Structure formats: structure tokens, C-alpha cells
Amino acid sequence: GWPLSWAAESQDRKEFIKAINRFSSNYAPNFGRLLTPLVEGIRVSGPFRPTWHQGEPLRLVIMDGEGLGHTPDSASSISTSITKRYPSVDAIILVDNAAQPMQAAPTAVLRSLISSGHHAKLIVCFTHFDEVKGPNLPNIGMRKDHVLGSYDNACAAVGKSLDTQAENLLRSVKQDRVFFLSNAHEPVRVVAKSFMVSELSKLISATLKTIEPPKAVDARPRYDMINFVLGIQVATGEFHSQWR
């Protein structure tokens, strides 16, 4: 029968990952022996810190779900399982492929964030930046502008379906909340270290900035004395009627 519980402990990294793959892998030769379809989530905690990061481990909680576009309906609409997380997080990092940027799914995310009022949490991260090549793109700056052009087109599409203010809010993200990663699946090498570490560090800084509480505003009430007196009279009357 089915086991009631299962536990494993190992100091060997390969052995540990091999055991975890039973719950998370989608490796075709193992189909029929995996529990992946039954697993809704895996929680991992620990002092994770890459070799290029200086200082103490970052106190962050990262939630990563199923990518958009993996199901037929996710390209045109965002699942409720994703949108219900919007209020509970400080930053929403939209990870997109720079080689084919801002297709239907990420554009739907932009529209969803604007409609729900969580656009201020948006951070955009373009991966596969090393695959953005062409004779008309000789340097990093031009490659960035090429990708950002697709982002502008997505903002314009959202503006057409909503309004100009929505488009302007999304365009403001380009100033300091768009980042580019290349060869992210490989260890950071000395040759690419300056660019990768710089972009990753700025990405982390932008994420931490969303956690900072807003600065207190020095505000004092100013009353229109004529309406103030009338308001007191109305409020007093309503209080007395309810009290009676």
C-alpha cells in the first residue's frame, strides 16, 4: 500500500538531489515512477549564498511557480493561483526570454498587474541575453535597446486595451527595474563576471528596495471651517438617532 510518511537524510549532494528528483523531476525515462504529478510545492530553506555575493546571506523568501505559456489558457489570461499572491508579496519579478521577448504571456502579466494595482512591485528580468545577436547589434547597449523595444511594444499594447496612464506606468519601470542575464545556467566566469555580477547585484538591490517601508510624510489636516461645522452637526444628529 501507500506509505504514510517517508524521510531521507544525506550529506552527499548527488544522493540528496537524486532522492528529491522522485518528487520534482520530469525526466521522461522515469515516467511511471515519479510522484511529481501529486506534488503541489516544495519548500527549501537554508543560508544560500553564491560565491560572488559579498556579505551575509540575504533574508529573502522566493516563490517560484509554473511558468506561463505551459498551458493553452495561460497565454491570454493569468491563473487565479498566481494573481492571489500579488497582495502577499513585496516584489513581482517577471522573468522573460530576451531572445523572444514579451510574447502573449508576459504581456498578459503586465495587464494583470496594472488592473490589480500592483504595478509598483514589478521587476523585469530578461534571461538568455547572450542569444541576442545580429550584425546590427554590435555592443551591449544596442542589444539592450533592441530588447527594450519589445518591452515598449508590450506597454503600448496594454495602453491600447486600458489607457495611456497604464502605458506610462509600465514604461517607468525601464529606469531602474529592468535587468539582463546571460549564460545564467553556468558558473559566473571571470570574463563575464563584471556584467553578470553587476546585473545580479542591481536585481537584488531593486528587490530589497521594495521591502523598505515608505518614508513617513509630514502632513497636517486643514479644515474648511464652514463645512466642518455643518459636518459636526450632521454627525451629531446621526449619532443621537442611532443611540436612541
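Since this is a predicted model, take the numbers as computed values, not measurements. Note that these values count all heavy atoms, side chains included, but never hydrogens, waters or copies made by symmetry.
In this structure a side-chain-to-backbone donor-acceptor pair under 3.5 Å is present from Ser88 to Arg85. Side-chain atoms of His146 do not come within 3.5 Å of backbone N or O of Lys144 as any donor-acceptor pair. At least one donor-acceptor pair closer than 3.5 Å links the side chain of Ser172 to the backbone N or O of Leu169. When atom types are taken as modelled, the side chain of Arg143 and the backbone of Val132 share a donor-acceptor pair closer than 3.5 angstrom. In this structure, Arg177 contributes its side chain and Leu122 its backbone to a donor-acceptor pair below 3.5 Å. When atom types are taken as modelled, the side chain of Thr36 and the backbone of Ser25 share a donor-acceptor pair closer than 3.5 angstrom. Not one N or O on the side chain of Asn183 forms a donor-acceptor pair closer than 3.5 Å with the backbone of Glu186. Side chain of Asp96 to backbone of Phe126: no donor-acceptor contact under 3.5 angstrom is found. With Ser112 contributing its side chain and Ala108 its backbone, the two residues share no donor-acceptor pair below 3.5 Å.
A salt bridge links Glu199 with Lys202: at least one charged nitrogen is closer than 4.0 Å to a carboxylate oxygen. The residues Asp218 and Arg220 are annotated as salt-bridged, a charged nitrogen and a carboxylate oxygen being separated by less than 4.0 angstrom. Using a cutoff of 4.0 Å between basic side-chain nitrogens and carboxylate oxygens, Asp90 and Lys121 are not scored as salt-bridged.
Applying the side chain to side chain donor-acceptor pair (under 3.5 Å) criterion to Arg33, with sequence neighbours excluded, gives Asn30.
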Determine, step by step, whether Ser182 and His128 satisfy the side chain to side chain contact (heavy atoms under 4.5 Å, CB included) criterion, reporting the C-alpha distance in whole Å, the side-chain angles of both residues, the deciding distance to 0.1 Å, and the verdict. CA-CA 5 Å; Ser182 59; His128 298 80; over 6 Å; no
Please test Cys125 against Leu94 for side chain to side chain contact (heavy atoms under 4.5 Å, CB included), starting from the C-alpha separation and ending with a verdict. CA-CA 6 Å; Cys125 180; Leu94 175 60; over 6 Å; no
Decide yes or no on side chain to side chain contact (heavy atoms under 4.5 Å, CB included) for Ile93 and Thr207, but give the supporting numbers first. CA-CA 8 Å; Ile93 303 179; Thr207 305; 3.9 Å; yes
Any chance you could lay out the side chain to side chain contact (heavy atoms under 4.5 Å, CB included) test for Val89 and Thr210, step after step, and finish with the verdict? CA-CA 10 Å; Val89 299; Thr210 62; over 6 Å; no
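Ring-plane geometry between Phe180 and Phe129 is classed as tilted, the angle between the planes lying from 30 to 60 degrees on a 0 to 90 degree scale.
In this structure, Glu131 places its CD atom where more than 12 heavy-atom neighbours from other residues, nucleotides or ligands lie under 6.0 Å away. Within a 6.0 Å radius of CZ in Phe23, more than 12 heavy atoms belonging to other residues, nucleotides or ligands are found. Remark: Leu38 CG is packed, more than 12 non-hydrogen atoms of other residues, nucleotides or ligands lying under 6.0 Å away. The neighbour count for Lys174 NZ, taken as heavy atoms of other residues, nucleotides or ligands under 6.0 Å away, is above 12. Other residues, nucleotides and ligands place more than 12 heavy atoms under 6.0 Å from the CZ atom of Arg171. Open room surrounds CG on Asp64; 12 or fewer heavy atoms of other groups in view lie less than 6.0 Å from it.
The line from OH of Tyr86 to OG1 of Thr83 is 6.0 Å long, rounded to the nearest 0.5 Å. From Ile232, atom CD1 reaches atom OG1 of Thr236 across 7.0 Å, with rounding to the nearest 0.5 Å.
For Ala105 against Ile78, the heavy-atom pair with the smallest separation is O-CD1, 4.3 Å. Between Leu34 and Asn21, the shortest heavy-atom distance links the atoms CD2-O, 3.7 Å. The minimum heavy-atom distance between Leu170 and Cys155, with the atom names listed, is CB-SG, 3.5 Å.
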